[in-house]
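Only one structure is covered here, and it is reproduced in the block below.
If you read the sequence from its start, that first residue is 1, and numbering goes on from there. When a ligand or atom number is given, it counts from 1 through the structure's own listing order.
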Amino acid sequence: MAELEALIFDVDGTLADTERDGHRIAFNRGFGEAGLDWEWSVDLYGKLLSVTGGKERIRHYLDNFNRAFQRPADLEGFIAELHRSKTRHYMAMMAEGVIPLRPGVRRLLEEARNAGMRLAIATTTTPQNVRALIDSTLPVDAVDWFEVIGAGDIVPNKKPAPDIYTWVLEALGLPPARVIAFEDSGHGVTSAMASGIEHIVVTVNDYTAGQDFSAATVALNNLGGPDAHAEPIMGPAPTHGIVDMAYLQSLMSSAQATR
Ligand code: XBP
Ligand code: MG
């Protein structure tokens, strides 16, 4: 039986609900600072999430939702500058501690560390954003809990392409059968699967709840804790409503038994 050696976490929507009240607000603040009257509502942002990556998302917005905008000659430079401003606003918001971790995330990270599990991150977001979230929600030096952090533009293609998971697996030196990926979105599941990862745990949120997770191992409302039971939308229910190491090991074994 392939042994479980590492847990690889997506960040946005998985470790924390950062999209609606974090990234969206930071984009809007960046637009305001640049003198633009663009305002991304909660609904519009849900549509824009079909494209991952902030710079890519701004371009998608201009191509599909704001065609009347008079584009500057250097559109790429303009988007890059807007995005740098958005990142500054996002980091400031994280430093204020506006977004908590999702239920059960800290518990599972600590339990995994105690069990000798290797931890990694695979995300499309900018590396500074990952650091800002970890610093504001976990103990000092918790960034070192993650042996590998794959983030942002270090790979040519963002999720749903497999690049970021492939990069992280290579950095860990592990075959995909030895890891579990944690995701919140259809794009994330597609990305992990395409890199060869066989075991994927999804925790849905308001933006992703209706997406197709049939390719995942299990989809739940959250990872579970004292005030938030983990309930499956698809796949086996965890004992006592908690996704713990024993439950993750059981997912690995039952997947192998059915092969
Ligand atoms: C997250 C994203 C990110 C953030 C914005 O996707 O799509 O683009 O919304 O980050 P996933 P940047 O959770 O699948 O990794 O603005 O820093 O690009
Ligand atoms: Mg995500």
Side-chain angles (χ1 to χ4, degrees), residues 8-31 33-34 38 40 42 44-61 76 79-94 99 101-102 105 120-134 146 148-168 181-195 197 200-209 211-213 215-216 219-220 222-223:
I8 307 178
F9 290 87
D10 169 51
V11 174
D12 295 306
T14 301
L15 292 186
D17 265 323
T18 48
E19 293 291 8
R20 191 189 69 185
D21 300 330
H23 288 292
R24 185 182 68 88
I25 307 289
F27 277 112
N28 285 334
R29 288 185 181 168
F31 301 152
E33 194 173 275
W38 308 350
W40 287 0
V42 171
L44 173 60
Y45 196 68
K47 297 190 179 99
L48 296 174
L49 282 174
S50 65
V51 169
T52 61
K55 295 185 288 294
E56 294 83 351
R57 191 166 297 144
I58 294 171
R59 188 178 283 269
H60 173 65
Y61 165 72
E76 204 174 323
I79 291 176
E81 183 48 44
L82 263 184
H83 189 252
R84 275 192 289 275
S85 162
K86 176 259 168 175
T87 299
R88 283 193 297 274
H89 284 290
Y90 183 82
M91 289 174 67
M93 289 173 69
M94 293 306 111
I99 309 271
L101 293 179
R102 292 190 64 181
V105 167
I121 279 174
T123 175
T124 66
T125 204
T126 303
Q128 296 98 300
N129 296 347
V130 179
R131 181 73 200 246
L133 177 72
I134 291 173
F146 300 92
V148 172
I149 297 185
D153 295 326
I154 52 163
V155 289
N157 303 303
K158 293 184 176 164
K159 298 175 188 175
D163 303 29
I164 196 67
Y165 275 103
T166 304
W167 188 93
V168 169
F182 292 79
E183 275 290 348
D184 71 303
S185 72
H187 280 340
V189 171
T190 304
S191 171
M193 284 250 325
S195 77
I197 293 178
I200 306 171
V201 173
V202 172
T203 42
V204 303
N205 54 54
D206 285 352
Y207 275 135
T208 65
Q211 297 179 357
D212 177 11
F213 294 117
L220 308 132
N222 61 59
L223 293 176

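- Between Arg24 and Glu19 there is no salt bridge, since none of the side-chain N atoms of the basic residue sits less than 4.0 Å from a carboxylate O of the acidic one.
- The set of protein atoms (N, O or S) found at less than 2.8 Å from the Mg ion (ligand 2) reads Asp10 OD2, Asp12 O, Asp184 OD1, by chain and number.
- In terms of polar-atom proximity, His83 is counted as a contact of ligand 1, with an N or O under 3.5 Å from an N or O of the ligand.
- Considering only non-hydrogen protein atoms, atom 13 (O) of ligand 1 sits nearest to Asp10 OD1, 2.8 Å.
- The main-chain N or O of Ser195 is never found under 3.5 Å from a side-chain atom of Thr166 such that the two would form a donor-acceptor pair.
- Remark: distances from the non-hydrogen atoms of Arg57 to ligand 1 include one below 4.0 Å.
- Ligand 1 has no N or O atom lying under 3.5 Å from any N or O atom of Lys158, backbone or side chain.
- Side-chain contact of Glu183 with Tyr165: a donor-acceptor pair under 3.5 Å is present, judged by distance alone.
- Counting atoms of ligand 1 from 1 in the listed order, those under 4.0 Å from a heavy atom of Gly54 are 8 (O), 12 (P), 16 (O), 18 (O).
- Using a 4.0 angstrom heavy-atom cutoff, Val11 does not count as in contact with ligand 1.
- Side chain of Thr123 to backbone of Thr125: a donor-acceptor contact under 3.5 angstrom is found.
- With respect to atom 17 (O) of ligand 1, the closest heavy atom belonging to the protein is Thr126 OG1, 2.5 Å.
- In this structure, Val42 and Tyr207 have side chains that are in contact, with non-hydrogen atoms separated by less than 4.5 Å.
- Around the CE atom of Met193, the shell of radius 6.0 Å holds no more than 12 heavy atoms that belong to other residues, nucleotides or ligands.
- Between the side chains of Asn222 and Thr203, not a single donor N or O lies within less than 3.5 Å of an accepting N or O.
- A donor and an acceptor atom, one from each side chain of Arg29 and Tyr90, are nowhere located under 3.5 Å apart.
- A salt bridge does not link Arg102 with Asp184: none of the charged nitrogens is closer than 4.0 Å to a carboxylate oxygen.
- Side chains of His89 and Glu33: a donor-acceptor N/O pair is present below 3.5 angstrom, by distance only.
- For the pair Gly53 and ligand 1, a heavy-atom separation below 4.0 Å is found.
- Taking the charged nitrogens against the carboxylate oxygens, Glu81 and Arg84 do have a contact shorter than 4.0 Å, which makes a salt bridge.
- Near Lys86, meaning under 4.0 Å from any of its heavy atoms, are these atoms of ligand 1: 5 (C), 10 (O), 12 (P), 16 (O), 17 (O).
- For ligand 1, the atoms sitting less than 4.0 Å from at least one non-hydrogen atom of Thr124 are 1 (C), 2 (C), 3 (C), 6 (O), 7 (O), 8 (O), 11 (P), 15 (O), numbered in the order shown with element in parentheses.
- Side-chain contact check for His23 and Lys86: at least one donor-acceptor pair (N or O, by modelled atom type) lies under 3.5 Å.
- At a 3.5 angstrom cut-off on N or O pairs, Asp12 counts as close to ligand 1.
- Near Tyr45, meaning under 4.0 Å from any of its heavy atoms, are these atoms of ligand 1: 9 (O).
- Annotation for ligand 1: atoms under 4.0 Å from non-hydrogen atoms of Thr123 are 15 (O).
- Within a 6.0 Å sphere centred on CG of Asp21, heavy atoms belonging to other residues, nucleotides or ligands number more than 12.
- Between Phe31 and Trp40, the ring-plane angle classifies as perpendicular under the 30° and 60° cut-offs.
- The ligand atoms of ligand 1 that sit less than 4.0 angstrom from a heavy atom of Asn129 are 17 (O).
- Under the 4.0 angstrom criterion for non-hydrogen atoms, His187 is not in contact with ligand 1.
- Protein heavy atom closest to atom 14 (O) of ligand 1, with residue, atom name and distance, is Lys159 CD, 3.5 Å.
- Some N or O of Thr125 is nearer than 3.5 Å to an N or O of ligand 1, by distance alone.
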